[in-house]
Structures are given as structure tokens and as C-alpha cells.
Protein chains: 4
Amino acid sequence: MARPLSEEKRAAILRAATELVATVGTSAATSQIAKRAGIADGTLFTYFPTKDDLLNQLYLSIKSALAEAIMTDYPSRAGVFERTRHCWDRLVNWGAEHPTQHKAMRQLSVSDRISRNTRDAVNLAFQDINTMIRDNLSRDAADDESAAFVGALITAMSDVTLDCIAAHPEKIDLYRESGFQVFWNGVRP
Amino acid sequence: MARPLSEEKRAAILRAATELVATVGTSAATSQIAKRAGIADGTLFTYFPTKDDLLNQLYLSIKSALAEAIMTDYPSRAGVFERTRHCWDRLVNWGAEHPTQHKAMRQLSVSDRISRNTRDAVNLAFQDINTMIRDNLSRDAADDESAAFVGALITAMSDVTLDCIAAHPEKIDLYRESGFQVFWNGVRP
Amino acid sequence: MARPLSEEKRAAILRAATELVATVGTSAATSQIAKRAGIADGTLFTYFPTKDDLLNQLYLSIKSALAEAIMTDYPSRAGVFERTRHCWDRLVNWGAEHPTQHKAMRQLSVSDRISRNTRDAVNLAFQDINTMIRDNLSRDAADDESAAFVGALITAMSDVTLDCIAAHPEKIDLYRESGFQVFWNGVRP
Amino acid sequence: MARPLSEEKRAAILRAATELVATVGTSAATSQIAKRAGIADGTLFTYFPTKDDLLNQLYLSIKSALAEAIMTDYPSRAGVFERTRHCWDRLVNWGAEHPTQHKAMRQLSVSDRISRNTRDAVNLAFQDINTMIRDNLSRDAADDESAAFVGALITAMSDVTLDCIAAHPEKIDLYRESGFQVFWNGVRP
DNA sequence: CATGAATGAGTGTTCATTCAT
DNA sequence: GATGAATGAACACTCATTCAT
């Protein structure tokens with residue numbers, strides 16, 4: 001192998017893409033992304049064959065990082081409340097610590113450039129969380145649609161919470177708490 | 001009426017823009033919008049000086065229509081529950097009846113092309129609703145930010161509800177009801 | 001109509017394309033063609049939706065001009081020799097007078113960007129000539145393939161003749177005559 | 001033989017280039033040629049310093065193979081007819097047996113990337129054949145240009161013949177014969 | 001005021017060539 | 001010598017906007 005694909009460069013591209021997608025959306029130009037990543041225009045395409053591939057992999061990588069943040073130290077044996085609380089806090093903390101990734105993630109999640117495949121892969125990364133929701137929080141444990149509804153609600157409510165935290169970072173504890181109250185009172189079994 | 005009058009043309013442009021933004025997002029080409037509105041490319045720019053203007057006015061007009069739908073027959077003298085229920089039902093019903101407008105609205109609301117000014121004007125259109133929220137639902141009546149938080153939550157939760165309804169239109173009553181339960185249990189005073 | 005498509009501009013584009021295709025082949029850049037035609041890059045595409053369209057229309061227009069040059073004053077009632085002679089002389093004279101068009105035509109005729117449709121349309125323009133060949137020169141009047149063989153031979157031989165004339169323009173009469181002798185002796189009935 | 005020696009690699013590159021040039025023309029990408037040759041992108045350039053070099057050497061090598069095919073068993077002492085017939089048959093048979101090489105050769109012969117130098121070198125490979133033409137078939141034995149004219153004619157006529165054979169392989173004997181008749185009747189002394 | 005041709009900067013992507021490994 | 005990642009100048013084509021008609 002002459003020069004291995006540089007993991008560093010790949011990461012730089014994803015980092016640059018995150019920042020630009022967060023700022024200007026998926027219409028961020030590949031040449032801008034390359035420039036910000038400190039590589040030549042053409043190099044981007046040795047790491048990601050098309051812009052859509054880049055966007056999809058970016059979405060997957062951010063979502064995976066979020067899932068990992070949530071599932072680390074997950075208290076499997078604790079009660080429903082503790083486990084729900086754990087997920088919520090991790091989700092909100094991750095968003096507050098990674099506002100750029102969070103913004104990019106929101107832009108990508110409404111984009112039609114994210115494929116069915118990618119969305120399926122993301123669901124896989126959230127499998128444990130989805131299972132927990134289905135078993136404990138959805139109105140009807142047997143109902144996939146009901147679980148999806150609750151899952152979408154938690155995402156939407158955390159997005160709102162994170163927007164507020166972004167606007168008033170000093171009130172993070174307040175918003176994290178209020179958000180959880182609304183969520184838990186709304187969906188608790 | 002081969003050549004509609006001015007106001008009709010403006011409306012035709014907004015209608016065409018709604019459909020295209022709902023379908024392909026804010027990257028919809030002005031020439032496509034003009035074609036669908038039945039006018040020449042250049043004519044669009046006598047009604048809206050730039051594409052950003054068109055997008056901003058479109059957002060404002062859709063949001064205003066939604067606000068009007070919500071506030072019509074608003075039961076000012078009823079109790080908090082009834083008034084909240086009214087708003088929620090109107091919101092969800094409007095979204096279910098105008099899926100194209102709703103989709104366009106969501107695309108626009110995450111776009112960076114919608115200006116601070118426009119967002120302020122939208123808040124104005126929702127002033128009555130915001131006041132109701134502030135006075136009845138926000139944790140602290142004196143706190144604007146708390147009211148904004150609850151307002152954003154209702155929007156986010158109705159978006160999720162409407163997405164589910166779009167996926168399973170026959171379950172509209174179920175989703176409208178479940179969504180309201182979650183919201184009301186979550187935020188009731 | 002605001003400003004009608006300018007026939008002059010269309011002609012300028014075709015002229016510029018002819019010159020560049022003759023020089024560098026079908027890989028001539030559209031931006032070079034536009035520059036040589038004295039228009040903006042984008043304008044080219046209001047006259048020809050794609051580069052392939054431009055190339056196909058160019059081929060058709062050159063071939064049509066050639067067909068017209070050949071068929072003008074065609075002596076329908078003269079004998080086979082006179083008619084064959086007429087076609088050959090016209091073909092060679094046209095090529096000698098329009099060396100750029102001839103070179104471009106040769107480049108285009110071997111290109112895979114010229115569609116079946118275009119080749120059919122060209123055959124239509126040469127219908128009379130083809131008929132004459134089938135009826136008088138092909139070995140077997142009933143055989144389309146035999147006629148195509150002779151038709152291809154006349155083209156190939158005139159190309160060679162024209163190449164020689166291009167190299168030694170002063171010997172046009174000699175080459176025109178020699179070429180015809182070879183052709184006529186080769187294929188005469 | 002996992003890693004062929006140098007000369008084999010050169011041959012593999014030329015073989016791959018032949019196939020791709022025959023298929024897609026001289027715009028075949030060097031990376032595609034390298035891949036089909038089973039070597040790395042960069043390796044191609046240790047054998048051929050530029051793409052133009054590759055194309056020129058390819059043209060020369062194909063033309064040389066053709067010349068060799070023609071001159072093998074050349075009946076030097078036979079009459080003009082027999083010798084002419086020998087050349088024609090060898091030429092047509094070679095083309096029918098090596099359709100890919102023939103197609104590549106035609107693509108290359110109209111390309112502006114083949115240099116004056118290369119064309120001169122090709123003429124050298126065909127020196128014996130050209131001499132035969134000059135001495136026996138050209139209208140004026142002292143005239144180089146006349147010989148070149150006849151040489152170009154034989155090439156052009158065989159190309160047409162080979163195209164027809166490619167379209168109807170089962171009629172190879174018919175076309176080889178018809179083609180020769182036209183040629184011989186056309187140019188015989 | 002309406003029209004649509006004209007503009008040219010910008011887009012995602014390709015590719016011959018270089019050079020670090 | 002072989003490798004393939006890196007380069008950046010092209011490329012065909014798009015599009016918001018202008019302006020002659």
C-alpha cells in the first residue's frame with residue numbers, strides 16, 4: 001500500500017462537513033468542505049465517492065456517537081425512571097457539549113438525501129434504546145408504531161431543549177430538568 | 001381567466017413555491033416555481049425581489065394561515081384545558097388537512113434563509129397563543145423564556161404527531177388524542 | 001416574446017463548434033465553444049440543452065448542407081455516368097470549399113455521441129443519393145446491404161481524396177479526376 | 001504468474017488500452033486502463049510517460065502488427081495481381097480476426113493526439129507495401145503523392161469492407177471478394 | 001407590467017499526473 | 001520498481017438575477 005487512506009483526513013473531512021452543514025445546511029459546497037478540511041477538492045472524493053455518501057456517512061457517524069454517549073454506563077438493572085432519566089440526561093448533555101454536531105444532525109435528519117439504508121443503520125445503533133422505549137414507555141408494548149411515536153417525541157423534545165440551552169447555556173440545568181419533567185410526565189407508564 | 005390579476009399571481013407563486021419547497025426543499029429553482037405558477041421566470045422577481053424574500057414571505061404566510069386556523073372560534077372564556085385542547089386539535093387538524101403546507105413549513109423552519117425579522121413577525125402572529133401559554137402553561141408566568149420553551153414544545157410535538165398521521169392517515173383520531181395526552185400531561189399546570 | 005432566440009447566435013455556436021471539433025475533436029469544451037461564439041458559457045445551453053444535442057445537431061446540419069450541395073442541379077434525366085459524375089464532383093468540391101466542415105464531419109461520424117436517431121435523419125437527407133446508388137451502382141439492386149457498402153465506399157474514397165486535396169490544394173483537379181476514375185472503374189455497373 | 005515481468009506488463013497495458021480505446025475511444029481513462037491491465041494507476045506511467053505516449057505507441061504497435069501480418073509470406077516474385085490480392089486478403093483477414101485492434105486503430109487514426117512522428121514511423125513499417133504500390137499501382141511511378149493516394153485508398157476501402165464484415169460476419173468471403181473487385185478494378189494499372 | 005434570453009459564478013465530479021511510502 | 005493517495009485544473013451543466021424587447 002503506497003499511502004494508506006489517512007484516518008486523520010477522513011476525520012477532518014467529516015469535521016469540516018459537520019461545521020458547514022450546521023451553518024448552511026446540506027447545500028454546503030464540497031469545495032468549501034475540502035478547503036476547510038485542508039485538502040484538495042479532488043481528495044474529498046477518494047474518501048467519499050459522492051456528496052450524498054459523505055452526507056449519509058456523516059449522519060451515521062454523528063448518530064452513532066450520540067448513541068454511544070447515551071449507552072455508556074447505562075444502568076440496565078435500575079428501574080424505568082432511572083433508566084429513562086439516564087438516557088435523557090446523556091442526550092441533553094451530549095447535545096450541549098456538541099452543539100455543532102447537534103445542529104448538523106438536525107439538518108441532516110430532515111434532508112431527503114439521507115437514504116432508507118442509512119436510516120435503518122441508525123435505527124440499529126439505537127436498537128437498545130428503542131427496545132427500552134417499546135418495553136417500558138410505549139402505550140402498547142406490542143405496537144411498533146406506538147414505540148416509534150414515543151421515540152420521535154423524545155428526539156423532538158430534546159431538540160427543543162437543546163435549542164433553548166444553546167440560547168441560554170447558563171440555564172442548562174434548568175432546561176435539562178424542565179424538559180425531563182415534561183417528557184416523563186407526558187409518557188410515563 | 002388567462003391572465004390572473006396581480007394578487008392572484010402572487011398567490012399562484014406562493015402556492016407553487018409551497019408545493020416545490022415541500023417536495024424538494026428550499027433548493028427548489030425559481031424557474032421551476034415560475035413555471036408551475038404559470039408565469040415567466042422574470043415575473044417572479046417583480047413580486048419578490050429575491051428568492052430569499054419569497055422564502056421568507058412564504059414562511060410567514062403559511063405560519064399566519066396556521067395561526068388563523070388555530071384562533072378561529074377560540075373559546076376565550078373556557079377553562080385552561082378546553083382552550084389548550086382547542087389549540088392542539090386545530091393545530092393537528094390543520095396539519096392533516098394541509099400536508100403540503102405543513103411539509104413546506106418544516107423545511108423552511110430549519111432553513112438558515114429565514115431571517116430573524118421573519119421569525120419575529122411569526123411570533124407576532126402567534127402572540128395570542130403565546131400569551132395563553134405564558135399565562136397558563138409556563139412554569140413561571142413572568143418568564144418569557146419558559147413560555148417560549150413550552151411554545152416550541154407544542155410545535156415539536158405536533159410535528160411528530162403530524163408525521164405519524166401522514167404515515168397512517170386512518171389513525172388520525174388516535175394520534176391526535178395520544179399526542180394531546182402526552183402534551184397535556186407533560187405541561188399542565 | 002421578450003427577446004427571440006437569435007438565429008445569428010445559434011449559427012455562431014454551430015460555427016464555433018465546427019471549428020473546434022475540426023481541430024480537437026468532440027472533446028472540445030463547451031466553454032471554449034461559447035467563448036469563440038462570443039457568448040456566455042450558460043447561453044450555449046439555451047440553444048442546445050446538452051453538449052450531445054449540440055454535437056448531433058451540428059452533424060445533422062453539416063450533412064444536410066452537403067446533401068443540398070450535391071443535389072442542387074442534379075441531372076435526373078442524364079445517364080448513370082453523368083449523374084454519378086455530378087455527385088462525385090459536387091461532393092469533392094464542397095469538401096474542398098469547406099475543409100473545416102469536412103474535418104468536423106469526419107470527427108463526428110466516428111463518434112459514439114451521434115445517436116441512432118441522428119444517423120437515421122442523415123440517411124433521410126441522403127435518400128435520393130442512396131436510391132440512385134441502389135438502383136444503378138449496387139451489385140444487386142434488391143440488396144440494401146450492397147447499396148450501403150457502395151455508399152460507404154464513396155464516402156471513404158471522397159474522404160481520402162479530400163485529405164489529399166487539403167494537403168495539395170493546387171492539385172484539386174487532378175485528385176478530383178483520379179478519385180473519380182478509381183471510384184467509377186471500381187463500381188460501375 | 002502473479003506478478004508478470006516488465007515486458008508482460010507493458011503488453012498488458014497495451015492490450016487493456018486496445019480494448020478500452022476500441023470501446024470508448026481515446027477518452028478512455030488511464031486509471032481504467034491500469035485497472036484492466038491489473039496494475040496500479042501510477043505504474044502505467046513508468047512504462048509510458050504520458051497518456052499521449054501510450055496512445056502513440058499503441059497506434060504504432062497495432063499498425064506494425066498489421067504490416068507484419070500482410071508481409072508474412074509475401075509472394076515477391078509473383079505478378080502484380082497476385083501480390084495485390086495477397087495484401088488485400090491479409091489485410092481483410094487480419095481485421096476480421098482482430099476486430100478490437102482494428103476498431104482501436106480507426107479511433108486512433110482520426111485522433112489529433114497521434115503525432116507527425118508516429119505517422120512517419122507507421123509509414124516506415126509499411127515501406128515495402130508502399131514501394132509495391134508506387135511501383136505497380138500508382139498512376140505515376142515517380143510520384144510519391146500518387147502512391148500515398150493509392151495507399152490511403154486501400155486503407156479506406158478495407159476499413160469499409162471490415163465494417164461490413166463486422167456487421168455481417170457470415171458474409172466475410174463475399175465482402176472480401178467484392179471489396180477486392182472494387183479496389184482492383186479501380187486502381188489496376 | 002410581462003417576458004424569457006442572457007449572464008457568469010458556482011456545482012459536483014473526473015482525471016492525467018506526481019510523489020510519499 | 002510498484003503502489004495508490006493526493007492534486008487541482010478542467011468539465012458539463014445549473015440557476016438567481018438582470019434587462020432588452
Side-chain angles (χ1 to χ4, degrees), chain A residues 1-6 9-10 27-35 37-55 113, chain B residues 3-6 9 27-35 38-55 113, chain C residues 1-6 9-10 27-35 37-55 113, chain D residues 3-6 9 27-35 38-55 113:
Chain A
M1 212 177 311
R3 213 179 316 182
L5 278 173
S6 143
K9 255 171 207 160
R10 205 188 109 95
S27 65
T30 52
S31 67
Q32 292 296 311
I33 295 170
K35 184 190 281 187
I39 57 166
D41 286 19
T43 304
L44 187 149
F45 293 94
T46 71
Y47 288 85
F48 303 93
T50 66
K51 185 180 176 183
D52 276 12
D53 272 286
L54 168 57
L55 257 18
R113 307 179 77 153
Chain B
R3 302 227 166 188
L5 296 175
S6 219
K9 262 179 200 164
S27 64
T30 53
S31 68
Q32 290 294 311
I33 295 170
K35 182 192 280 189
I39 57 164
D41 286 21
T43 306
L44 187 149
F45 293 93
T46 70
Y47 289 88
F48 304 93
T50 67
K51 185 181 177 180
D52 276 12
D53 273 288
L54 167 56
L55 257 19
R113 310 178 77 154
Chain C
M1 212 178 308
R3 211 181 317 182
L5 278 173
S6 143
K9 254 169 208 160
R10 207 189 107 95
S27 65
T30 52
S31 67
Q32 292 296 311
I33 295 170
K35 184 190 281 187
I39 57 166
D41 286 18
T43 304
L44 187 148
F45 294 95
T46 71
Y47 288 84
F48 303 93
T50 66
K51 185 180 176 182
D52 276 12
D53 272 285
L54 167 57
L55 258 18
R113 307 179 78 154
Chain D
R3 302 226 166 188
L5 295 178
S6 220
K9 261 178 201 163
S27 65
T30 53
S31 68
Q32 291 293 312
I33 295 171
K35 183 192 278 189
I39 58 164
D41 287 19
T43 305
L44 187 150
F45 292 93
T46 70
Y47 289 86
F48 303 93
T50 67
K51 187 181 175 180
D52 276 11
D53 273 288
L54 168 57
L55 257 18
R113 309 179 77 154

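Note that this is a predicted model, so its numbers are computed, not measured.
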(message) Taking any heavy-atom pair under 4.0 Å as a contact, classify A/Tyr47: base, sugar-phosphate, or nothing.
(response) sugar-phosphate
(request) Report which part of the nucleic acid A/Ala28 touches: base, sugar-phosphate, or nothing (heavy-atom distance under 4.0 Å, all strands). (result) sugar-phosphate
(message) Tell me whether the side-chain N/O atoms of B/Lys9 come closer than 4.0 Å to OP1 or OP2 in E/dA2.
(response) yes
(message) Heavy-atom nearest nucleotide on DNA chain E for A/Gln32 versus D/Ser27: which residue maps closer to 5'?
(response) A/Gln32
(request) Could you check how far CZ of C/Arg10 sits from P of E/dA5, rounded to whole Å? (result) 14 Å
(message) Quick check on DNA chain F: between A/Ile39 and D/Ile39, whose nearest nucleotide comes earlier from the 5' end?
(response) D/Ile39
(request) Go through the structure and list residues passing side chain to side chain contact (heavy atoms under 4.5 Å, CB included) with D/Thr50, not counting sequence neighbours. (result) D/Asp52, D/Asp53
(request) Quick one: list whatever passes side chain to side chain donor-acceptor pair (under 3.5 Å) with A/Ser31, sequence neighbours left out. (result) none
Check the interface with nucleotides 17-20 of chain E: list each N/O to N/O pair with the protein under 3.5 Å, or write none.
from, atom 1, to, atom 2, distance (Å)
E/dT17, OP2, D/Lys51, N, 2.7

(message) How many whole angstroms separate atom CG of D/Leu54 from atom P of E/dC15?
(response) 15 Å
(request) Write down the distance between CG (A/Leu44) and C1' (F/dA9), rounded to a whole number of angstrom. (result) 17 Å
(request) Nearest whole angstrom, please: distance from the P of F/dC15 to the NZ of B/Lys35. (result) 11 Å
(request) Kindly say if D/Thr43 contacts the phosphate of F/dT3, meaning a side-chain N or O under 4.0 Å from OP1 or OP2. (result) yes
(message) I need the C/Leu54 CG to C/Thr30 OG1 distance, nearest 0.5 Å.
(response) 8.5 Å
Side-chain donor-acceptor contacts of residues 38-47 of chain A below 3.5 Å, not counting sequence neighbours, with atom names and distances?
from, atom 1, to, atom 2, distance (Å)
A/Thr46, OG1, A/Thr43, O, 2.9
A/Tyr47, OH, A/Ser6, N, 2.9

(message) Between D/Lys51 and D/Ala28 (side chain of the first, backbone of the second, donor and acceptor by atom type, cut-off under 3.5 Å), is there such a pair?
(response) yes
(request) Fill in the dot-bracket string of DNA chain E, one character per base: . for unpaired, | for a pair to another strand, ( ) or [ ] for pairs within the strand, taking Watson-Crick or G-U pairs under 3.5 Å. (result) .||||||||||||||||||||
